[in-house]
A.B. asks: 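Mind looking over this structure? Questions follow.
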Amino acid sequence: MSEAVVHEDHHEHHDHKPTGIGRWLFSTNHKDIGTMYLVFALIMFFIGGAMAMVIRLELFQPGLQYVDPLFFNSMTTMHALVMIFGAVMPAGVGLANWLIPMMIGAPDMALPRLNNMSFWILPFAFALLLGTLFMPGGAPNGGWTMYPPLTIQLGDAFPFLIFAVHFLGISSIMGAINVIATVFNMRAPGMTFMRLPLFVWTWIITAFLLIASMPVLAGAVTMMLTDKFFGTSFFSAAGGGDPVMFQHIFWFFGHPEVYILILPAFGIVSQILPTFSRKPLFGYESMVYATASIAFLSFFVWAHHMFTVGMPLAGELFFMYATMSIAVPTGVKIFNWVATMWRGSLTFETPMLFSLAFVILFSIGGFSGLMLAITPVDFQYHDTYFVVAHFHYVLVTGSVFALYAGVYYWLPKWTGHMYDETLGKWHFWISTISVNVLFFPQHFLGLAGMPRRIPDYAVQFADFNMVSSLGGFVFGVSQLLFVYIVIQCVRGGEKATNQVWEGAHGLEWTLPSPPPFHSFTTPPKVTDATAHS
Amino acid sequence: MFVKKLKDGVVGAVTMFSLLWAGTVSAEWGLNMTPGVTPISREVYDLHMLILYIVTAIGIIVFGVMFWSIIYHRKSKGAVAKQFHHNTFAEIAWTIIPILILVAMAIPATKTLIKMEQTGDAEITVKITGYQWKWKYDYLEDGLSFYSVLAQDSNEARQVGSSIDPAGVDHYLLDVDEPIVLPVGKKVRLLTTAADVIHAWWVPALGWKRDAIPGFINDNWAVIEEPGTYRGQCAELCGKDHGFMPIVLKAVPEAEYVAWVEEKKAEAAARAASGDKEYSMEELMVNGEDLYNKNCASCHMANGQGVPGVFPSLLESQLTITSEGLAEHIDRIINGKGLMPAFGEQLSDADIAAVVTYERNAWGIDTGDIVQPADIKAAR
């Protein structure tokens, strides 16, 4: 907290907020930093979304109408990097910042200055990355997976890509350290680990995944950097290196990464479903263990992203079985969510609608994931639109929908105002219908033989591509509605009560809406009756 | 109101699933994987359908229970929440049953995978090499070797703003100048590798794709049972023209295959002889334009202007526009440099002579230089 504030007004909440730009630049407050993360994520979501619109526009009909193939490749590459590292991950960290101290009964995060730095690295990292769009030779265009030798062919943008990835990794690791330090040290009396809200649990596990996997990515891209500039041959076959080794290292990071993107979403949904079912979460312990098992298994399945590189039979079988086994804990989670709703007393406010859509649409992504796990069939699915459909079901209707659910759920707590429920429902229905029109036909395209990452396609793929693009345009435009709803809610509206939702339980709902600048200045006492949500 | 919306949603989802189920009915609106033309591809297809049916059944049950709750356990219907949060029997059941289902899936999957890895006893071996952005086929037993690039009519139509309607182009983007030809009914071993970056060779009718990786040779096999033309594409992002290096496989009866091999050998002999010939400027320019469009235009563009910041313009290069640059121009094509591939092994002396002559006299460069195959031979 800033020492600069000498004259204090006697506010009822003892809020000594610094003012002006300094409040944000030098902020050490978990709520302000959380807000900055969320706003940043939203801006990146629209930048990445604009790139997706370019992709869908070019794919609207066969033939190249608008962009050349190299720029198209830049769009697919940058769309992925911006959405993963700029939108979904920072949004997750933003929610963690806002919620973890309030949920565990702490005044703030354990390491506030680290918190400030981990946020402020992000704008610089993305300035590096997005700046490449204006460089000769264009932005990175070798795919977000950055496979060499292709990515080493990249021109001036190459070092910018590598250093942007380094910065993003540092930022994520610092954020993860902060989450762990906070949860391990700052829990209120009585808040034992098995009383933590599921969102906090999923975030601790995510934080460990981040610490374990981001340095691996940093190592891989650094080796690529020295391959390009310092004459090493880690990944160059001509120099005795191995291009496939990059893929092994990358996916050792990459698979845990997909759980980094989805576990906080699991946590959000596990908070929301009980609230609007007016019933405790079914199988709390098994939810915790299932999340931990998924995270643990995620380190042993990486090669299922690269079944077609030509591994020995034993390797293919191992990675097939290991991947299939993840379906078990994931299934447990889905069944627990359904059981939470069973014989509840359900209402369907916007957060609940997004959560219900999450359960169904994430499951569809899980089903296609199980299909992709079957190695011999993956030889057909691999690198087709079937895969594109799969990971957009788990990432858009999975992670992004859960993030929307979370924002609608906690927005009244954050702002002190209710959002416009009617508009929220419109946002939900338009998004849910259009996102399925966008991604469901991509399953068909992939099965019919359309490879991914191509700027133009044979005419037999024309019809479904047009359908998909139309869905994409509607989905893209309809997200502006969300921005309007949030701004409207920040500016005013019906006053929110402390509990906000009739069925909400947990420490954050005991605080006023909006909560004081420092969440809990005196720790609350937690008992079995007040634990869990 | 919401019940209606939800019902609409359910109807929509069911329609989508039944569309998926309808399988191969529609040709234009291709919905499903095709069974292919090899024993393996049929097994792969059956596995795909098996898993699809299983996950659809699971989906119907799980979402069915969920929608039951959504419809009947709603507060507006007066539902009062029960407060249970554990049920040991249910939790054990929904852990054990999925494990059993997974084992049931893994058994046939393992069997098929083991078969796919049996690459021995092949009668014919073809080595497939991926290049940016074409394929090379080497028939190891017969010593045949040729490149396969996107067909010219597709290539013209796919340029940005070409205003050629792709629907009017025969097999748009799925046609090549020289298909790979294989006999039906024989076990063929297909080796994949690459010369520059990673590619992936994929003909869906064979039931698999395999990466072509520089420094690695992957082996695969196929027994094609039905004669026909099967089309596929590169499936691993390999740069600018990744979408424009298709694969066409012609499966023909044994006798036809033998005749094709003889014809190809005769062509190769004629090409070898062409190195001793003297060509006129006109011949060199005609051959050069054709070869340039196939081999060079994807980077340096059909008008020689390249892509700023990535691929240099030939109109401004000292190598192409000055007489002093000639030796280095030839050297660059034979040996390559940086991103520029070495074409010395890909093109014959006559081919390189034609390309060099074309590049020095096209697009208003007009150096007047005529380069003959003998000059290339001397430069090698």
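Every chain is numbered from 1, with letters handed out A, B, ... down the list of sequences. Here the structure is a predicted model, which means the values were calculated and not measured.
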A.B. asks: Could you walk me through whether R74(B) and F348(A) satisfy the side-chain contact (heavy atoms from CB on, under 4.5 Å) test, starting with their C-alpha distance in whole Å, then the side-chain angles of each, then the deciding distance to 0.1 Å, before giving a yes or no?
C.D. replies: CA-CA 9 Å; R74(B) 47 175 59 215; F348(A) 301 93; 3.4 Å; yes
A.B. asks: Who wins among K240(B), K209(B), Q83(B) for the most heavy-atom pairs under 4.5 Å with chain A?
C.D. replies: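 Option with the top pair count is K209(B).
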A.B. asks: Contact part of N141(A) toward chain B, heavy-atom cut-off under 4.5 Å: side chain, backbone, both or neither?
C.D. replies: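 Backbone only.
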A.B. asks: Considering non-hydrogen atoms only, spot the tightest contact between H242(B) and R452(A) and give its length.
C.D. replies: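 Scanning both residues completely, I find the closest heavy atoms to be NE2-O, 3.6 Å.
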A.B. asks: Tell me the closest heavy-atom pair linking A237(A) and P214(B), and the distance in Å.
C.D. replies: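 Distance-wise, the nearest heavy atoms are CB-O, 3.4 Å.
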A.B. asks: Check each atom of A109(B) against the heavy atoms of chain A and say whether the ones under 4.5 Å are side chain, backbone, both or neither.
C.D. replies: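 Its backbone and side chain both get close to chain A.
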A.B. asks: When rounded to the nearest 0.5 angstrom, what is the spacing between CG in L102(B) and OG1 in T323(A)?
C.D. replies: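 It comes to 11.0 Å.
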A.B. asks: With a 4.5 angstrom heavy-atom cut-off, is it the side chain or the backbone of L154(A) that approaches chain B, or both, or neither?
C.D. replies: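 For L154(A), neither part sits under 4.5 Å from chain B.
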A.B. asks: Taking side chain as everything from C-beta outward and backbone as N, CA, C, O, which of these in I58(B) sits under 4.5 Å from a heavy atom of chain A? Side chain, backbone, both or neither.
C.D. replies: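 Answer is both: backbone and side chain atoms of I58(B) are under 4.5 Å from chain A.
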A.B. asks: For Y147(A), is it the side chain, the backbone, both or neither that has a heavy atom under 4.5 Å from a heavy atom of chain B?
C.D. replies: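 Only the side chain of Y147(A) comes within 4.5 Å of chain B.
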A.B. asks: Stepwise, does the side-chain contact (heavy atoms from CB on, under 4.5 Å) test hold for V377(A) with M33(B)?
C.D. replies: CA-CA 10 Å; V377(A) 201; M33(B) 192 185 280; 4.0 Å; yes
A.B. asks: Between M66(B) and chain A, with a heavy-atom cut-off of 4.5 Å, which part of the residue counts as in contact: side chain, backbone, both or neither?
C.D. replies: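 Contact with chain A is through both the backbone and side chain of M66(B).
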A.B. asks: Using heavy-atom distances under 4.5 Å, tell me whether T340(A) contacts chain B through its side chain, its backbone, both, or neither.
C.D. replies: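 Neither; nothing under 4.5 Å.
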A.B. asks: Go through the steps to decide whether F244(B) and L64(A) satisfy the test side-chain contact (heavy atoms from CB on, under 4.5 Å), and finish with yes or no.
C.D. replies: CA-CA 12 Å; F244(B) 308 104; L64(A) 284 171; 4.0 Å; yes
A.B. asks: Out of curiosity, E117(B) CD to L317(A) CG, how far, rounded to the nearest 0.5 Å?
C.D. replies: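 It comes to 8.5 Å.
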A.B. asks: Could you tell me if the side chain of T95(B) sits less than 4.5 Å from the side chain of V328(A), heavy atoms only?
C.D. replies: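 They are in contact (side-chain heavy atoms under 4.5 Å apart), so the answer is yes.
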A.B. asks: Do I54(B) and F367(A) touch side chain to side chain, with heavy atoms closer than 4.5 Å?
C.D. replies: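 Heavy-atom side-chain distance check fails, nothing below 4.5 Å.
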A.B. asks: Minimum heavy-atom separation for L31(B) to L447(A), with atom names?
C.D. replies: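 Shortest heavy-atom separation between L31(B) and L447(A) comes out as O-CD1, 3.7 Å.
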A.B. asks: Counting heavy-atom pairs closer than 4.5 Å to chain A, which one of G243(B), G215(B), A167(B), G239(B) comes out on top?
C.D. replies: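 Of G243(B), G215(B), A167(B), G239(B), G239(B) has the most heavy-atom pairs under 4.5 Å with chain A.
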A.B. asks: What part of E502(A) is in contact with chain B, defined as an atom under 4.5 angstrom from a non-hydrogen atom: side chain, backbone, both or neither?
C.D. replies: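 Contact with chain B: side chain only.
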A.B. asks: Apply side-chain contact (heavy atoms from CB on, under 4.5 Å) to the pair H85(B) and L281(A), showing each step before the final yes or no.
C.D. replies: CA-CA 6 Å; H85(B) 48 78; L281(A) 182 70; over 6 Å; no
A.B. asks: Looking only at heavy atoms, what is the nearest atom pair of V309(A) and R210(B), with distance?
C.D. replies: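 In terms of heavy atoms, the two residues are closest at C-CD, 4.4 Å.
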A.B. asks: Heavy-atom distances under 4.5 Å only: say whether A339(A) touches chain B with side chain, backbone, both or neither.
C.D. replies: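 Both parts, backbone and side chain.
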A.B. asks: Please look at P308(B) and chain A and tell me whether the side chain, the backbone, both or neither of the residue comes under 4.5 angstrom of a heavy atom of that chain.
C.D. replies: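 For P308(B), the backbone is the part near chain A, not the side chain.
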A.B. asks: What part of N220(B) gets closer than 4.5 Å to chain A, counting heavy atoms only: side chain, backbone, both or neither?
C.D. replies: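 Contact with chain A is absent: no heavy atom of N220(B) under 4.5 Å.
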A.B. asks: If I measure from the heavy atoms of chain A, does N218(B) come under 4.5 Å with its side chain, its backbone, both, or neither?
C.D. replies: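 N218(B) touches chain A through side-chain heavy atoms alone.
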A.B. asks: I'd like to check P376(A) versus L47(B) (side-chain heavy atoms, cut-off strictly below 4.5 Å). Are they in contact?
C.D. replies: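 Answer yes - side chains close enough.
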A.B. asks: Counting only heavy atoms closer than 4.5 Å, note whether N336(A) contacts chain B via side chain, backbone, both or neither.
C.D. replies: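 Both parts, backbone and side chain.
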A.B. asks: Is any side-chain heavy atom of W202(B) less than 4.5 Å from a side-chain heavy atom of F379(A)?
C.D. replies: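 They are not in side-chain contact.
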A.B. asks: Checking I198(B) against chain A: side chain, backbone, both or neither under 4.5 Å from a heavy atom?
C.D. replies: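 Both backbone and side chain.
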A.B. asks: With respect to chain A, which residue among D241(B), L174(B), V310(B), V160(B) yields the maximal number of heavy-atom pairs within a distance under 4.5 Å?
C.D. replies: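 Heavy-atom pairs under 4.5 Å are most numerous for V160(B).
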A.B. asks: Heavy-atom cut-off 4.5 Å, strictly under: side chain, backbone, both or neither for Q159(B) against chain A?
C.D. replies: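 Just its backbone gets close to chain A.
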A.B. asks: Taking every non-hydrogen pair under 4.5 Å, which of F71(A), Y457(A), Y381(A), Y66(A) racks up the most with chain B?
C.D. replies: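 When all of F71(A), Y457(A), Y381(A), Y66(A) are compared, Y381(A) has the most.
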A.B. asks: Where on P148(A) is there a heavy atom nearer than 4.5 Å to chain B: the side chain, the backbone, both, or neither?
C.D. replies: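 Interface part for P148(A): backbone (N, CA, C, O).
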A.B. asks: Could you walk me through whether H86(B) and Y284(A) pass the side-chain hydrogen bond (donor to acceptor under 3.5 Å, both in side chains) test, one step at a time?
C.D. replies: CA-CA 8 Å; H86(B) 280 97; Y284(A) 173 90; over 6 Å; no
A.B. asks: Measure distances from P62(A) to the heavy atoms of chain B and classify the residue's part below 4.5 Å as side chain, backbone, both or neither.
C.D. replies: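 Interface part for P62(A): both.
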A.B. asks: Are side-chain heavy atoms of L346(A) and K75(B) found at a separation under 4.5 Å?
C.D. replies: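 L346(A) does not reach K75(B) side chain to side chain.
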A.B. asks: Report the distance from atom CG of L173(B) to atom CD1 of I454(A), rounding to the nearest 0.5 Å.
C.D. replies: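 The CG atom of L173(B) sits 7.5 Å away from the CD1 atom of I454(A).
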A.B. asks: Using the six-membered ring of F84(B), assess whether NZ or CZ of R343(A) lies under 6.0 Å from its centre and within 45 degrees of the ring axis.
C.D. replies: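 Verdict for F84(B): no cation-pi partner in R343(A).
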A.B. asks: Considering only heavy atoms, which portion of I213(B) lies under 4.5 Å from any heavy atom of chain A: side chain, backbone, both, or neither?
C.D. replies: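 The answer is the side chain of I213(B).
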A.B. asks: At a 4.5 Å cut-off on heavy atoms, which part of Y321(A) comes close to chain B: side chain, backbone, both, or neither?
C.D. replies: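 Interface part for Y321(A): side chain.
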A.B. asks: If you take all heavy atoms of S363(A) and F63(B), which pair is closest and at what distance?
C.D. replies: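 Smallest heavy-atom distance, with atoms named: CB-CZ, 3.5 Å.
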A.B. asks: For residues D242(A) and F216(B), report the shortest heavy-atom separation together with the two atoms involved.
C.D. replies: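 Looking at all heavy atoms of both residues, the closest pair is OD1-CZ, 3.1 Å.
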A.B. asks: Is there a side-chain contact between P204(B) and Q380(A) in this structure, where contact means two heavy atoms from C-beta onward sitting under 4.5 Å apart?
C.D. replies: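 Yes, close enough: below the 4.5 Å cut-off.
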A.B. asks: For the candidates L237(B), V44(B), I101(B), I51(B), which exhibits the highest count of non-hydrogen atom pairs separated by less than 4.5 Å from chain A?
C.D. replies: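 Max contact count across the listed options: L237(B).
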A.B. asks: Tell me whether W426(A) at atom CH2 has more than 12 heavy atoms from other residues, nucleotides or ligands lying less than 6.0 Å away.
C.D. replies: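 Not buried by this count: 12 neighbours or fewer within 6.0 Å.
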A.B. asks: I'd like to verify something: which residue of V62(B), T110(B), V80(B), D165(B) has the highest number of heavy-atom pairs under 4.5 Å with chain A?
C.D. replies: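 The answer is T110(B).
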A.B. asks: Which bit of M320(A) comes within less than 4.5 Å of chain B, counting heavy atoms only: side chain, backbone, both or neither?
C.D. replies: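 M320(A) touches chain B through side-chain heavy atoms alone.
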A.B. asks: Counting heavy-atom pairs under 4.5 Å to chain A, which of A106(B), A81(B), A200(B) comes out on top?
C.D. replies: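 Ranked by contacts with chain A, first place is A81(B).
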A.B. asks: Heavy atoms only, distances under 4.5 angstrom: which of S325(A), A327(A), A448(A) has the most pairs with chain B? Name it, please.
C.D. replies: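 When all of S325(A), A327(A), A448(A) are compared, A448(A) has the most.
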A.B. asks: Side chain from CB out, backbone as N, CA, C, O: work out which of these in I360(A) comes under 4.5 Å of a heavy atom of chain B, or both, or neither.
C.D. replies: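 Both backbone and side chain of I360(A) come within 4.5 Å of chain B.
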A.B. asks: Please look at W94(B) and chain A and tell me whether the side chain, the backbone, both or neither of the residue comes under 4.5 angstrom of a heavy atom of that chain.
C.D. replies: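 W94(B) touches chain A through backbone and side-chain heavy atoms alike.
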A.B. asks: Is it the backbone or the side chain of Y72(B) that comes under 4.5 Å from a heavy atom of chain A, or both, or neither?
C.D. replies: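 For Y72(B), there is no contact with chain A at all, as no heavy atom is under 4.5 Å.
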A.B. asks: G449(A), S236(A), A373(A), G138(A): which one forms the most heavy-atom pairs within less than 4.5 Å of chain B?
C.D. replies: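 Sorted descending by pairs with chain B, the first entry is G449(A).
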A.B. asks: Can you tell if the side chain of V103(B) reaches within under 4.5 Å of the side chain of M324(A), non-hydrogen atoms only?
C.D. replies: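 SC-SC contact between V103(B) and M324(A) ruled out.
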A.B. asks: Would you indicate whether the side-chain heavy atoms of W208(B) and T308(A) approach each other to under 4.5 Å?
C.D. replies: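 Counting from C-beta outward, T308(A) and W208(B) never come under 4.5 Å.
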